[in-house]
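Chain A is the first sequence line, chain B the second, and so forth, proteins listed ahead of strands; every chain is numbered from 1.
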Amino acid sequence: MQEVRTRFPPSPTGYLHIGGARTALFNWLFARHHKGKFILRIEDTDVARSSKEALEGILEGLRWLGIDWDEGPYFQSQRIGIYGEYADRLLRTGKAYWCHCTPEDLEERRKLALARGDKPKYNGRCRDLNLERAHNAVIRFRSPLSGKTVVEDLIKGSVSFDNEELDDLIILRSDGYPTYNFAVVVDDITMNITHVIRGDDHLNNTPRQILIYEALGFPTPKFAHVPMILGSDRTRLSKRHGATSVLAYKEMGYVPQAMINYLVRLGWSYGDQEIFSMDEMIDKFSLDNIGKSSGIFNPQKLLWLNSHYIKEGSPYHLAKELLPFLRKKGYPVEDLNYVTKVVMTLQTRSKTLVDMANAAEFYFKEEITFEKKAAKRFLSPEMREVFQMLINGLHGLYPFDKVMAEKVFRDIQTKTNLSMTAFAQGVRVALTGTTVSPGLFEVMEVLGKERVLHRLEKAIEYIEAGD
RNA sequence: GGUCCCAUCGUCUAGAGGUCUAGGACAUCGGCCUCUCACGCCGAAAACACGGGUUCGAGUCCCGUUGGGACCGCCA
């Protein structure tokens, strides 16, 4: 059995978007599942639109997701000679020809055809003129005028195209650079790609590519066209539908496992299973379980998965991921141990790392400020004495942990006959400044005796000042 | 306009002719739990686009209609 080789060929003209990431993931999973190779190829033949920044972003996105590659990145811009050779071969065998038509000319004819309601195909003006190479000339592929080309697709099944629908596409531009349909074929041939897994927006290109394979005398790889991801209005996913850049989600506090898990289940399924580890995905992934219909990107489910992975994740690992978000808020924390404990109290309460960083603020502030409404309601005069009792009770406590703290707290509560809610909320506001926080006793334990006592004292001062 | 693809709850999907009074998940709405907020647990509402066939029997096969999408560049 031949080694499976798949590839992901982004064009460095923009960021890594959701759809591209899923395509990369499917290719990667397929290669990993079959113990094959996953190749990264940069399709940068559009010199004007390609940029280094876009390339960096794409690579960063892939790395963040944990999609690694075995070969590459190869750059098409560094392989110009190869495309030239293959184009020559077609020229020599009469499968391609020089065309002198100007872009302006073509544009005009295209408009005319469209206006007439015709398919805007190249009319073959230079096809049989036997022209020579010339300045600004391009090479066109001599596409058969009749017959059918059938794509045996692993997902869509057998799809048939009439060759007369296809026209003589340009394979080498006047600047000597190859065009997409030609470059992919030459690359996939020379890189020994066995399976081409890509969006079904490419299905219409496939017969042209198959014809080029045939003209060149090479067997075609297996094709698998996966349905596209659409926006909520069922049109091609774009910025209009919200963030579509993978890295944007990183910045919004999403963890990579959530994104990966979301992506893999969009279009692919394994029975009723929703949660997959990377290893499970690799183990279970198969083209057979990919659906045929397009899917709609659903940010809410992504968010749910994110909260799931935050809930289930290792606190230490999450703490490390949280650091940049804390830093961004002005807390350049060093003590990873402390952050880990903080994370443990926040895992079930945060859907994103941004949420978590926000909710964690009170753990890192030197002096907390009381939310006005909360203070008015819960830092009432009668709490002054209660806080003092609590201070006295906690003062000599050892060890200072949540079990011990709760005992002290309960004692005072029964003694004073205060309602649990009033007491707890009062202390909560004193310690965190707000009415919403993790469980009171875990907060005390994480904060530590010193901070707790200090904050209670500050709360007493606040109440006294208000009298 | 032409070509191609697609069609199960709002969304992602399970379903490979009888086990479907159509299952799961997200979201939504109730309830329970509770020191707040969450988590969790329990429950509810919610779909086979339509019309013809084939078959003893169709969500599942075929055809058509409708609807949606993609592609038609010296972009990828």
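Spacing of P atoms, B/C33 relative to B/G24, comes out at 25 Å, to the nearest Å. Spacing of C1' atoms, B/G18 relative to B/U13, comes out at 23 Å, to the nearest Å. On the P atoms, B/U8 is 11 Å away from B/C48, given to the nearest whole Å. The C1' atoms of B/U54 and B/C61 are separated by 8 Å, rounded to the nearest whole Å. Nucleotides B/G64 and B/A7 are separated by 15 Å at their C1' atoms, to the nearest Å. Spacing between B/G40 and B/A25 at atom P, rounded to whole Å, works out to 12 Å. Using P as the reference atom, B/C9 and B/C5 are 22 Å apart when rounded to the nearest Å. A distance of about 37 Å separates the C1' atoms of B/A70 and B/C29, rounded to the whole Å.
Nucleic acid contact for A/Ser269: sugar-phosphate only, since backbone atoms but no base atoms lie under 4.0 Å from a heavy atom of the residue. As judged by a 4.0 angstrom heavy-atom cut-off over every strand, A/Cys101 is placed among the base-contacting residues. A/Pro438 comes within 4.0 angstrom of a nucleotide base, judged by non-hydrogen atoms across all strands. Across all strands shown, A/Thr13 has no heavy atoms under 4.0 Å from either base or sugar-phosphate atoms. When heavy atoms are screened at a 4.0 angstrom cut-off, A/His202 is found touching base atoms of the nucleic acid. Across all strands, A/Ser437 comes closer than 4.0 Å to base atoms (heavy-atom distances). Within the nucleic acid shown, A/Thr45 comes within 4.0 Å of sugar-phosphate atoms alone, with no base atom in reach, counting heavy atoms only. At the heavy-atom level, A/Gly439 lies under 4.0 Å from base atoms of the strands shown.
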List every contact pair, protein side and nucleotides 4-7 of chain B side both N or O, where the distance is under 3.5 Å.
from : atom 1 : to       : atom 2 : distance (Å)
B/C5 : O2'    : A/Lys156 : NZ     : 2.7

Margin query: Each nucleotide in nucleotides 61-66 of chain B should get exactly one letter: B, S or -. Can you fill that in based on protein heavy atoms under 4.0 Å?
Written below: ------

Margin query: So if I define the base as every atom that isn't primed, P, OP1 or OP2, how would nucleotides 41-50 of chain B read as a B/S/- string at a heavy-atom cutoff under 4.0 Å?
Written below: ----------

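What separates CG of A/Asn289 from P of B/C12 is a distance of 17 Å, to the nearest Å. If you take CD of A/Gln300 and P of B/A27, they are 7 Å apart, rounded to a whole angstrom. Atom pair A/Met383:CE and B/U36:P shows a separation of 14 Å (rounding to whole Å applied). Remark: P of B/G24 and CG of A/Leu305 are 18 Å apart, rounded to the nearest angstrom. Atom CG of A/Leu440 and atom C1' of B/A38 are 15 Å apart (whole Å). The nearest whole Å value for the distance from the CH2 atom in A/Trp268 to the P atom in B/C12 is 17 Å. Between the CG atom of A/Leu303 and the P atom of B/U11 there is a distance of 19 Å, given to the nearest Å. Rounding to whole angstrom units, CZ of residue A/Arg140 and C1' of B/G73 are separated by 10 Å.
Of all nucleotides present, only B/G18 satisfies the Watson-Crick or G-U wobble test against B/C56, with each distance under 3.5 Å. The nucleotide B/G67 finds its pairing partner in B/C6, both defining distances of the Watson-Crick or G-U wobble pair being shorter than 3.5 Å. Pairing for B/G1 is with B/C72, a Watson-Crick or G-U wobble pair whose two hydrogen-bonding atom distances lie under 3.5 Å. Within the shown strands, nothing qualifies as a pairing partner of B/U36 under the Watson-Crick or G-U definition with both distances less than 3.5 Å. Both distances falling under 3.5 Å, in either a Watson-Crick or a G-U wobble arrangement, place B/A44 opposite B/U28.
Salt-bridge check for A/Arg110 with A/Glu107: passed, with a basic side-chain N closer than 4.0 Å to an acidic carboxylate O. Taking 4.0 Å as the cut-off between side-chain N and carboxylate O, A/Arg125 and A/Asp105 count as a salt-bridged pair. Between A/Asp188 and A/Arg7 there is a salt bridge, since at least one side-chain N of the basic residue sits less than 4.0 Å from a carboxylate O of the acidic one. Note on A/Lys402 versus A/Glu406: no salt bridge recorded, every NZ/NE/NH1/NH2 to OD/OE distance being 4.0 Å or above. Under a 4.0 Å N-O distance rule, the pair A/Asp167/A/Arg127 does not qualify as a salt bridge. Between A/Lys376 and A/Glu371, no side-chain nitrogen of the basic residue sits less than 4.0 Å from a carboxylate oxygen of the acidic one, so the salt-bridge criterion is not met.
One finds no side-chain N or O of A/Thr348 lying less than 4.0 angstrom from the OP1 or OP2 phosphate oxygen of B/C37. Contact annotation: A/Lys311 reaches the phosphate of B/G40 (side-chain N/O to OP1 or OP2, under 4.0 Å). Taking 4.0 angstrom as the limit, A/Arg110 places a side-chain polar atom (N or O) nearer than this to OP1 or OP2 of B/C74. Considering only side-chain N and O atoms, A/Thr421 lies nowhere under 4.0 angstrom from the phosphate OP1 or OP2 of B/C35. One finds a side-chain N or O of A/Arg234 lying less than 4.0 angstrom from the OP1 or OP2 phosphate oxygen of B/U11.
In terms of heavy atoms, A/Ala459 sits closest to A/Ala430 at CB-CB, 3.6 Å.
The side chain to side chain donor-acceptor pair (under 3.5 Å) test with A/Tyr83 singles out one residue from A/Asp187, A/Thr179, A/Asp88, A/Thr190, and that residue is A/Asp187.
Taking the six-membered ring where tryptophan is involved, the planes of A/Phe223 and A/His225 are essentially parallel, since the angle between them stays under 30° and well short of 60°. Ring geometry for A/Phe26 versus A/Phe285: interplanar angle of 30 to 60°, hence tilted.
Set against B/C26, B/A14, B/A76, the side chain of A/Asn205 has B/A76 as its closest nucleotide. Nearest nucleotide to the side chain of A/Arg265, out of B/C26, B/U13, B/C35: B/U13. Side-chain atoms of A/Leu266 lie closest to B/U13 of the nucleotides B/A70, B/U13, B/U11. The side chain of A/Thr179 sits closest to B/A76 out of B/C26, B/A38, B/A76. Relative to the side chain of A/Asn298, the nucleotides B/C35, B/U11, B/C71 differ in distance, and B/U11 lies closest.
A cation-pi arrangement is found for A/Arg140 relative to A/Tyr122, the charged atom lying closer than 6.0 Å to the ring centre and inside a 45° cone about the ring normal.
Between A/Val138 and A/His100, every side-chain heavy-atom pair lies at or beyond the 4.5 Å cut-off.
Between A/Glu274 and A/Arg410, the residue whose closest nucleotide on RNA chain B is further toward the 5' end is A/Glu274.
With values rounded to the nearest 0.5 angstrom, A/Ile310 atom CD1 is found 13.5 Å from A/Arg349 atom CZ. Between the OG atom of A/Ser294 and the CG atom of A/Leu237 there is a distance of 11.5 Å, given to the nearest 0.5 Å. Remark: A/Leu263 CG to A/Met281 CE distance equals 9.0 Å, nearest 0.5 Å.
An anti orientation is assigned to B/C48, its glycosidic angle lying beyond 90° of 0.
Side-chain contact of A/Asn298 with A/Tyr262: a donor-acceptor pair under 3.5 Å is absent, judged by distance alone.
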